[in-house]
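The analysis underlying the following values was restricted to heavy atoms, covering all of them including side chains, and did not include hydrogens, waters or symmetry mates. Lettering follows sequence order; numbering is per chain, from 1.
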Amino acid sequence: MPSKTLENGFDPIAAEQRIYKMWEEAGAFKPKYDPELEPYSIVIPPPNVTGNLHMGHALNVTLQDVLVRFERMRGKDVLWQPGMDHAGIATQMVVERKLAEEGNIGRKDMSRKDFIAKVWEWKEENGGNIENQTRRLGASCDWSRSRFTMDEGLSDAVCKVFVKMYEKGLIYRDKRLVNWDPYFQTAISNVEVENIEKDGHFWHFKYLIEGGETYTYIEKDEAGNITLEEERDYISIATTRPETMLGDGAVAVHPSDERYAPIVGKKVLLPLADRYIPIIIDEHPDPDKGSGAVKITGAHDFNDYEVAKRHNLPLHVIMDEKGHMKESEIMPAKYVGMDRFAARKAVVADIDAIGLLEKTETRKIQVPMGDRSGVVIEPMLTDQWYVNAKEIAKDAIKAMDDGTTTFKPGNWKKTWDQWMNNIQPWCISRQLWWGHRVPAWYGISLKSVATYEDGKNYERKIFVAETKQEALAQAKKYYGENVQVNISEDDVTCHVVDEDDNLSNIDLARDTDVLDTWFSSGLWPFATMGWPEDTEDMKRFYPTSVVVTAFDIIFFWVARMMMQGLHLTGQVPFKDVYIHAIVRDEKGAKMSKSKGNVIDPLVLVDKYGADALRFTLSAMAAMGRDIRLSEQRIEGYRNFGTKLWNAARFLEMKDCAPVKDFKPLSCQETVNKWIVGEAAKAAKAVTASIKAYRFNDAADTAYKFSRGLFCDWYVELIKPVMDGDNEAAKTETRACASWAYEQILKLLHPFMPFLTEELWDATDKNGTHKSFLMSADWPVLGNDFINAGAETDIAWLIDLITEVRSVRTEMNIPPSRKGKMVLIGASKDTLARMDTYKDALERMARMSEWKTANSAPRASIQAVVSEAIIALPLAGLIDMEVEKSRLYKEIESIKSEIEKIGKKLANKNFVERAPKAVVAEQHTRCEAFEAELEKLKQALDNLAS
RNA sequence: GGACGAUUAGCUCAGCGGUAGAGCACUACAUUGACAUUGUAGGGGUCACUGGUUCAAUCCCAGUAUCGUCCACCA
C-alpha cells in the first residue's frame, strides 16, 4: 500500500464518496457464505419508495450499521438486507399529484393498467432517492440484493400467502364496519387511524314522542333527592356528529335508567327525516354521560353497530364513499349530495329552526383521522378482506412470552401484550390501484343463477388462487363442463344463460382491491430471503438476528412480521427487537413538515460529515429515551474527528507506523505497557456495550479512550521518548503508538466508518494492512494485556502532573515559567519515577529540575501527591497569604470528607452489615485522606515557619 | 380511564445502592510546539417533592407535582 502524507484535515465530502465507492466496488458489504462463520443478519425496515431520508431513518440506519460493522469485524458472516416498500397510498398520492401538476388526466380518467404503468415509470425515474441518501450515511447494506415489495419474487410470495391463509380460513371476506378514508376512498386498518383531540361541539336534540305523549322526567342526585321533575314530550339525545342522525335506527337507554323507564318501547319522531324510531334498552348507554339516551346509527358508528346487530335494527347507509350524503328512501332530498360537514351544519340549523335544538356545548372531542390523508375517518359498512389476527397472534404472543424473541429494552413487552391481546380483525383490502392485487376472482354462485332477477341481489362465488389459470381451473370445476368460463378483461362479472335458464357462459372478474402495504411488509424478513423456496439464505440467515426500529411501528410492522413469520415459516423472524428513540427537535417536539422543525440529516452530513452525525446519534441513543438532537453536539464530535486526524499527523511526524507482527505484550516502556492495558480495557467495554445494544456507552467508552487517554496523555507522555535518543525505546514506542492508534480506529469504526477507514489507510506507512478497516479484525484483548505496575505508575504520573498544573493555575503562575520541584517525604518508588519521567514532567508539569528536602523552601506552593509533598519554590511570584488560604481551603474540604467517612465507620451497623469490600474501601479512603491531611497540614506549617 | 416514560450543571443529556459525569456554553490563562475544528485549569448540581425500605438512596418502593407519549372511551 503506498504511503501518503496526511493532509491538514479530513474533507468528509470528498472522502466519504470515494471510500464508500471503494467499499462497495470491492464487495465488502456482501455476505461471504463461509460455512465456518457464524451468520448474522438484519433486514432493514424498508423505507417508502417515495421517501426521503429523515432523522428517524438516520438514527435507524446508523444503529444498524454500527451493529453490522461490529459483527462483521468480529468475524461473523453478515447480511444486511436493504430494500424499499411500495407504500400503496403514499406512492399513489405522489403519482396522482404529479399527473395533476403536469396537467395530465387524473387516475380516474385513465385505465388501471395505464395508471400502474405511470407509477412504475415514476418509480424508475424518481423513486428510491432514499437508497442513495442511505449510502451517504455510510450504511453497509448489500445493495446488490436490494428488494422492492412489488418485485416479482415478493409479489409471488404475497399471492401464495394470501391463498394459503384463505384456504386455512385465516383470511376471509366480511361485511362489517370499517374505517373509511373519504379522501383516498379506501378502507384502512385500525392502526392507520389516529385519534386527535380537536375543538368540537356537543349538540343536544329533542326527539318528540309519538302522538304527543308526555311522561314525568325525574332527575335525582346521588343521595336520591329529586333535583328536577318535569313533564316532557321528548327524549333528549346528544351527539357530536349531528348529520348521522339521518340514519338513526333507534334511541337506546340503559335498562337501569329510571328516567326513561316510562317511555321505553314507545317511538319517537326522528326530526327532519320524519321517521319513527323505537326507544330500546341496551347495556351500551352510560346513564351518566350526556342525557343517558343514545341515538343508534348502526351503519356509521362502531358502538351503534353492535347495538344495532343485537336488536336487529336497520343499518341505514347515509353516505357515499366520498363522505357525501347519499340518496336513499330515508334521506330527505335536501341533503342528498351534501358533503358530510355541510350536512352537519344544515342539520343543526334545521333542527334549531323547528325548535328541537336543546343546547350546544363546546368541548374537546377526539376525532379519528387518517394518518396519511389527515381527513376525518368515517365508519362505513362495506365488504372487505380480513385477516383473523386473533388466531395468528397466539404464537406471536407466546414467542415473546417465552423469550424466543425479546424486546430491547424490555418494557415494550407490556405495550406489545396489551395490543396483541386485544387485537382486532385486520382489514387488509384497500380500494387503491397501486399494490398487490387481491388474488380473488368472482363469479355468480350456482344457487344464484336460478334466482337471479334484478342483477343486484345475487350471491357471488369466490375463487382464490395464485394465478389466473388456477382460478379458471377452479371455476371450471365448479361450473361444470357445459359452461364456458373466461376471465373478464374489464373486471366485470357477467354470465349468460341458455333457453332453459342453464348457465352457459361466465366471465370471472378479479377483485379490484389491493392489499394493505403492511401485509407484504410483514413478509419482509423471509420473503427477501427467497421464501417460500427453501433457499440457502433462508437456511443461513433466517431467523434474522435483530430488527431495529422505532416504537411507533411496533404494531404496524413488528407485530405483523411476528404473526406472519411464525405462521408461515414456523419460526420467529428475529431474535431481538431493538426499539430506538424517536428523534425530536431541540425543544422536544416531534419533527414534522407541518411544524417546519424538520432537520434534514443530509444537510448535517454536508456540514459536519456523516461520521459526526453518526457518532452523535449513537452517543445519544440511550435505551428507552427520546433524542433531542442538538447541532452543537454534532459539532463537538466533528471536532473529535479532527482531533483523531491530528493525532495521526503527529504519529506520522514521529515516523510511527504499524509494525508487522508487533507484540503489544512485549513492550518494555511503562507508558506503552500502560496504553496497551487501557486499549484492552476499552475494547472489552466497547464490545460488551454494543453486544447489549448500549450504543451510547460504547461510543462514550471509545471516545474517552481515544481522546481522554490516548490524545491527552499518551501522546504527550511519549513526546520525550520520541525526541530522546534511546533508539530502542523509540522503536518500541513508534510501534506501540501505532498499534494503540489502530485499536482506536477499530473501536471507532462502527461509529465513524469514513474517517477511520481513511486513517487506517493513511497511517499504514509500512503496508501492513491486508484489508479495509471495515474488514479488519475486531480487537479481542484479554486481561493479560493489563499491567498493574504500569497502571500504578502512570496513575501517579497523571496525578502529579494534574496536581501541579492545578495549583500553578490557581496561584496564577504563568505557564511559561518553569520551576524547581522539591519533594518532601517521597518514597523510593516515587524518587525512581521522578527520574524515569523527568522529561515528561519538564514538559507537562513545567519542571526545570527536582530535588528532595526535609521541608519546603520558603515561598513555595505545595501539593500532595500520594505520600509526598511537592513544593514549587516560586519566590516573588506568589502571595503567601493566598497560598495559605488555598491550603487551608483544601484542608477543610478534606476534613469534611474524613468526617463523613468517619461517621460511617463509627456506625456499627455499617461496619457489621455492609459488604466487607465496601467497608475496607472506606477505610482505605479514610486513611488516604488522613495521610493527605497530614501532609497538607505539614505544608501549611512549612509556610508558617 | 389504562399503560409507559421523564424530572440530574446555564442548555442538551448520560449514569449509578457507597466518591456526581459528558458535550456545548461560561471564566481565566496559554500559544502556532499533531491540533484555534486548540491546549491547560476553573466555576457551576438539596440529582422535582414527600414518605418508606436499607448500615447506606440521586439510584429501589409508594405517593405527590409537572411534562411527554401511546392505547381505550367520550353516544
All stems with RNA chain B, defined as three or more consecutive Watson-Crick or G-U pairs under 3.5 Å: B:1-7 with B:65-71, B:10-13 with B:21-24, B:26-30 with B:38-42, B:48-52 with B:60-64
For [X], enumerate each residue passing the ring pair (Phe, Tyr, Trp, His ring centres under 6.0 Å) test, keeping only those at least two apart in sequence or located in another chain.
| X | value |
| --- | --- |
| A:Tyr703 | A:Tyr637, A:Phe640 |
| A:Phe710 | A:Tyr714, A:Tyr741 |
| A:Phe202 | A:His204 |
| A:Trp416 | A:Phe407 |

Which pairs would a plain distance check flag for residues 919-930 of chain A, meaning a side-chain donor or acceptor within less than 3.5 Å of a matching protein atom at least two apart in sequence or in another chain?
from, atom 1, to, atom 2, distance (Å)
A:Gln922, OE1, A:Arg925, NH1, 3.4
A:Thr924, OG1, A:Ala920, O, 2.8

Residue-phosphate contact under 4.0 Å: A:Lys414 side-chain N/O, B:A3 OP1/OP2: no
Phosphate oxygens OP1/OP2 of B:G39: is one of them under 4.0 Å from a side-chain N or O of A:Lys643? yes
Do the two ring centres, one from A:Tyr693 and one from A:Tyr578, sit under 6.0 Å apart? yes
Near-strand residues of residues 238-248 of chain A, defined as heavy-atom separation under 4.0 angstrom from RNA chain B: A:Ala238, A:Thr239, A:Thr240
Hey, are the side chains of A:Arg340 and A:Glu378 touching, using non-hydrogen atoms and a 4.5 Å cut-off? yes
Could you check whether any side-chain heavy atom of A:Glu652 comes within less than 4.5 Å of a side-chain heavy atom of A:Thr763, counting everything from C-beta outward? no
Between the protein and nucleotides 19-21 of chain B, which nitrogen or oxygen pairs are less than 3.5 angstrom apart?
from, atom 1, to, atom 2, distance (Å)
B:U19, OP1, A:Lys904, NZ, 3.4
B:U19, O4', A:Arg925, NH2, 3.3
B:U19, O4, A:Glu921, OE2, 2.7

Assign A:Lys908 to base, sugar-phosphate, or nothing according to its heavy-atom contacts below 4.0 angstrom with the strands shown. nothing
Under 4.0 angstrom, heavy atoms only, what part of the nucleic acid is A:Asp304 near: base, sugar-phosphate, or nothing? nothing
Starting at CG of A:Asn422 and ending at P of B:C73, how long is that distance when rounded to a whole Å? 11 Å
Identify all pairs in which a protein N or O lies below 3.5 Å from an N or O of nucleotides 24-26 of chain B, and state each distance.
from, atom 1, to, atom 2, distance (Å)
B:C24, O2', A:Gln632, OE1, 2.8
B:C24, O2', A:Gln632, NE2, 3.1

Got a sec, which residues hit side-chain hydrogen bond (donor to acceptor under 3.5 Å, both in side chains) with A:Lys704, two or more places apart in sequence or on another chain? A:Asp700
Rounded to whole angstrom, note down the P distance from B:A20 over to B:G45. 13 Å
Output a table of nitrogen or oxygen pairs between the protein and nucleotides 43-45 of chain B separated by less than 3.5 Å.
none

Counting distance alone, no hydrogens or angles: does the base of B:U40 have a donor or acceptor under 3.5 Å from a partner atom on the side chain of A:Arg805? no
Please list, one pair per line, the donor and acceptor atoms closer than 3.5 Å that link side chains of residues 900-909 of chain A to other protein atoms, with sequence neighbours excluded.
from, atom 1, to, atom 2, distance (Å)
A:Asn907, OD1, A:Asn909, N, 2.9
A:Asn907, OD1, A:Phe910, N, 3.4

